[in-house]
Structures are given as structure tokens and as C-alpha cells.
Amino acid sequence: MNHAPVNHASVNRERIPYGPHPDQWGELFLPDGAGAGRPLRGTVVVIHGGYWRKAYTNELGVPEALDLAEHGFAAWNLEYRRAGAGAGTGGPGGRAAPTDDGGWPATFRDVAMGIDHLAHVADHTGVSLDPARVVALGHSAGGHLAVWAAGRAAYAARTGGEAPAVPLAGVVSQAGILDLAAAHRLRLSKDAVANLMGGPESERPAEYALADPMRRLPIGVPVHAVHSRADEDAPFELSRRYVEAAHEAGDPAELHETAGDHFALITPGEEAYETCRALVARLLP
């Protein structure tokens, strides 16, 4: 994917670890002058896709993070442990091949840790971020992780668990894999879900229930699901089904149909991406 050269001199970038593992880090993008009299519009956690596989990194989120910072937001482009290259075909019964350091539950823990670390970024940058004004922008598998993370506060309240240090105030999901069970049944991207979860749902039903946004409703957090029917990598129905289920559970969720392919959503200048940025601004008025 090629991006036209853009002058980003107005954006400051800093890589910040949130844990000891080499993949536990994020890159914070700030508008020039933030913290020195220039107010921030809020913070956007950018969660990249790649079907949770190790081959794909947060480099996918850099164009979005630069664009968001240029529009006055702080952008936290999150990296996290991903599952290895195994695609669910390496073991008996369709069990996923070994997944290196990532996959369930490490990938999920990293996303939670990375978001909560925003409470401490002032220690690194001197710029304080308002924890009440944090939303997530997640693409594909990152959309799944963003909506999952948005449900942490509600899940903690139901189960008596520890509340997140930084609860998300909303999510813009870009062609998100929001119906994990359906994605597993469809064996999308060569059994990517089984690769993430360490095996098929028949062998790990409890883990799938915890990982599937559809089965964590209600979350009480607004979700904007942006998706194109022309998307050949992530079926439109995964977003449509989630929004329908969210409405039935009483959650605020909206489906936004857009045009273009899977990557138009993360390409500044494309109409699909501009829709996503406008929705971020709507969540952070």
C-alpha cells in the first residue's frame, strides 16, 4: 500500500514500552505544542489488524496516527503480542499450530495493559492525557480487540473483577471481526480465529465465550461499525450481526456502510477513512 509523501513536521512521536516483552509497546503521536498551551481533542488508541498474526505490525496504523495527531488528537498506536504463523492446520482436530508468545490470552492482556498504560504516559512525555476522553479506532482484527477492550468495564462490574484504569469511551470499528464465532465457522484467513485461540471452539468453548464481543454484550459503550459490502477480507455481515445484537442488548451501536476495499478504511484521503475520523470526532466532541 503506497502513501503519498506528507510533511508531518507538526507531529511529535515517541515509542513507549508498557511491559517487558519486545512487543509490549506503543508509539504516541502528539500534535506539536501539546501540553504547552495547545489543548488536545482527546486520545485515540489505534489498534492494527492482520488477523492477529505476528507477520503484521503496528506499522499499519502509522498513517492513521499521523493524521489524527495532525487533527489535534493524541494517537496511541498500539503494538501487542500476536499469534504465530500457524493457521489451525498443524494439529489433530484442526488445532492451531504453536502460536509463539501471542494468541489467547496474551494478545488480549496486552491490549488491556497497553490501554491502561495511558494513565502513565505523562511519566514519559510530560503531557497528561484525560483518561475520560479515550476512544479506540481498530481495523479488522484490531476492531475485534477494540470492542473486546471496550467491554472490560462492564465485564468487571458483572463479575466483581478489577475495573480498567482507562475505560474506553467509545469505539470506531473498521471492518472489525466482531462476530468471532461466525469468523471461526467461516474459517476466515486460513483459520485465523483458531490460530488466535489455540484451537477450535469445540475444544475451547469457555475461552471463545470470553473472547467474542457478541457474547460480552451489553458493554454500555457506543460502537460505530464501519464496513463496506465490497470488503473481500472481512465479511460485512460480521459488523451487521454485531450491531443487531448490540441493539437487542440495549447498547448504543451504529452500522455505517461505506465504499472501497478492506484497506480504504485505514488510508487517509479515502472517503472510508474520512468517515472513520469524523466518527472519532463525534465520540470526542
Peer 1: Quick one: does Y242's side chain get under 4.5 Å of L217's, heavy atoms only?
Peer 2: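 Answer yes - side chains close enough.
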
Peer 1: Is M214 reachable from L168 through a run of I, L, V, M, F, W or Y residues, each pair having side-chain heavy atoms under 4.5 Å apart?
Peer 2: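 Looking at the clustering, M214 is in the same group as L168.
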
Peer 1: Using 0.5 Å steps for rounding, measure from the CD atom of E162 to the CG atom of D116.
Peer 2: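 Rounded to the nearest 0.5 Å, the CD-CG separation comes to 8.0 Å.
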
Peer 1: Of all heavy-atom pairs between G170 and L283, which one has the smallest distance, and what is that distance?
Peer 2: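 Of all heavy-atom pairs spanning G170 and L283, the closest is C-CD1, 3.9 Å.
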
Peer 1: Within a strict 4.5 Å, meaning less than it, do heavy atoms of the I16 and W76 side chains meet?
Peer 2: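 The answer is yes; the side chains approach within 4.5 Å.
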
Peer 1: Determine whether L178 and V243 satisfy the following criterion, side chain to side chain contact (heavy atoms under 4.5 Å, CB included), listing intermediate values before the conclusion.
Peer 2: CA-CA 9 Å; L178 303 186; V243 170; 5.9 Å; no

Peer 1: Could you tell me if the side chain of D179 sits less than 4.5 Å from the side chain of D212, heavy atoms only?
Peer 2: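 In contact.
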
Peer 1: Where is the tightest heavy-atom contact between S173 and G143, given as atom of each residue plus distance?
Peer 2: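 Result for this residue pair: OG-CA, 3.9 Å.
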
Peer 1: Show the nearest heavy-atom pair for residues I177 and A234, with the distance to one decimal.
Peer 2: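 Shortest heavy-atom contact: CD1-CB, 3.7 Å.
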
Peer 1: Do L28 and V127 have side chains that get closer than 4.5 Å, going by heavy atoms?
Peer 2: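 Answer no - side chains too far apart.
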
Peer 1: Charged N to carboxylate O under 4.0 angstrom, R241 versus E244?
Peer 2: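 No, no charged N to carboxylate O under 4.0 Å.
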
Peer 1: Please work out whether the ring planes of H256 and H224 are parallel, tilted or perpendicular, with thresholds of 30° and 60°.
Peer 2: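 Rings of H256 and H224: tilted, 30 to 60°.
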
Peer 1: Roughly how far, to the nearest 0.5 Å, is CZ of R277 from CZ of F73?
Peer 2: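 Going from CZ on F73 over to CZ on R277, the span is 8.0 Å.
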
Peer 1: Could you give me the CA-CA distance, side-chain angles and deciding distance for L129 and L40, then say whether side chain to side chain contact (heavy atoms under 4.5 Å, CB included) is met?
Peer 2: CA-CA 8 Å; L129 305 177; L40 289 167; 3.6 Å; yes

Peer 1: Both conditions, 6.0 Å and 45 degrees, for the charged tip of R216 above the ring of Y155: are they met here?
Peer 2: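 Yes; both conditions hold, so R216 lies above the ring face of Y155.
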
Peer 1: Nearest heavy-atom pair of A272 and A259: which atoms, and what distance?
Peer 2: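 Between these two residues, the closest heavy atoms are CB-O, 3.7 Å.
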
Peer 1: State whether a side-chain donor-acceptor pair under 3.5 Å links E27 with N77.
Peer 2: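 Result is no, nothing qualifies.
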
Peer 1: In Å, rounded to the nearest 0.5 Å, how long is the span from CE of M113 to CG of L78?
Peer 2: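 Here the interatomic distance stands at 10.0 Å.
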
Peer 1: Is there a continuous path of hydrophobic side-chain contacts, each under 4.5 Å between heavy atoms, that joins I115 to W25?
Peer 2: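 Looking at the clustering, W25 is in a separate group from I115.
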
Peer 1: How far apart are the closest heavy atoms of A194 and P200, and which atoms are they?
Peer 2: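 Closest approach of A194 to P200, heavy atoms only: CB-N, 4.4 Å.
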
Peer 1: Would you check if H48 and R82 make a side-chain contact, meaning some heavy-atom pair closer than 4.5 Å?
Peer 2: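 The answer is yes, as the side chains (C-beta and beyond) meet within the 4.5 Å cut-off.
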
Peer 1: Any non-hydrogen side-chain atom of Q24 less than 4.5 Å from a side-chain atom of H117?
Peer 2: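 The answer is no, as the side chains (C-beta and beyond) never meet within the 4.5 Å cut-off.
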
Peer 1: Is the closest side-chain heavy-atom distance between C276 and T258 below 4.5 Å?
Peer 2: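 When only atoms from C-beta onward are counted, T258 and C276 do not touch, as no gap falls below 4.5 Å.
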
Peer 1: Side chain of R133, backbone of R41: donor and acceptor closer than 3.5 Å?
Peer 2: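 Checked: pair present.
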
Peer 1: Describe, in one word, how the ring planes of F236 and H227 are oriented to each other, choosing from parallel (under 30°), tilted (30 to 60°) and perpendicular (over 60°).
Peer 2: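 Rings of F236 and H227: perpendicular, as their planes differ by over 60°.
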
Peer 1: Check for a donor-acceptor pair, side chain of E14 on one end and backbone N or O of F29 on the other, with a separation under 3.5 Å.
Peer 2: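 No; judged by distance alone, with no hydrogens or angles, the pair does not exist.
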
Peer 1: Is it true that H144 and F108 have ring centroids separated by less than 6.0 Å?
Peer 2: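 So the answer is yes for these two rings.
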
Peer 1: Calculate, to the nearest 0.5 Å, the distance between atoms NZ and OG1 belonging to K54 and T57 respectively.
Peer 2: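 One gets 10.5 Å once the value is rounded to the nearest 0.5 Å.
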
Peer 1: Can you give me the closest heavy-atom contact between A132 and A169, atom names plus distance?
Peer 2: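 Heavy-atom minimum between the residues: O-CB, 4.1 Å.
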
Peer 1: Has the side chain of H184 got a donor or acceptor atom that lies under 3.5 Å from a matching backbone atom of E201?
Peer 2: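 Answer holds: yes.
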
Peer 1: Tell me, do R215 and Y208 make a side-chain contact under 4.5 Å, heavy atoms counted?
Peer 2: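 In short, these two side chains touch, coming nearer than 4.5 Å.
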
Peer 1: Could you walk me through whether D101 and R81 pass the salt bridge (Lys or Arg N to Asp or Glu O under 4.0 Å) test, one step at a time?
Peer 2: CA-CA 6 Å; D101 292 317; R81 284 175 287 178; 5.7 Å; no

Peer 1: When you look at Y80 and N58, which way does the side chain to side chain contact (heavy atoms under 4.5 Å, CB included) test go after all the steps?
Peer 2: CA-CA 8 Å; Y80 52 89; N58 69 350; over 6 Å; no

Peer 1: To the nearest 0.5 Å, how far apart are CG in L210 and CG in L180?
Peer 2: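 With rounding to 0.5 Å, CG (L210) is 11.5 Å from CG (L180).
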
Peer 1: Rounded to the nearest 0.5 Å, what separation is found between the CG atom of D130 and the CG atom of L118?
Peer 2: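 Rounded to the nearest 0.5 Å, the CG-CG separation comes to 11.5 Å.
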
Peer 1: Kindly determine whether V166 and T43 satisfy side chain to side chain contact (heavy atoms under 4.5 Å, CB included), including the steps that lead there.
Peer 2: CA-CA 11 Å; V166 180; T43 302; over 6 Å; no

Peer 1: Quick check against the 3.5 Å criterion: does D231 have a side-chain atom that pairs as donor or acceptor with the backbone of D261?
Peer 2: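 No.
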
Peer 1: I'd like to know whether R185 forms a salt bridge (Lys or Arg N to Asp or Glu O under 4.0 Å) with E237, so could you lay out the CA-CA distance, the side-chain angles of the two residues, the decisive distance to 0.1 Å, and finally the verdict.
Peer 2: CA-CA 13 Å; R185 290 192 300 271; E237 290 301 303; over 6 Å; no

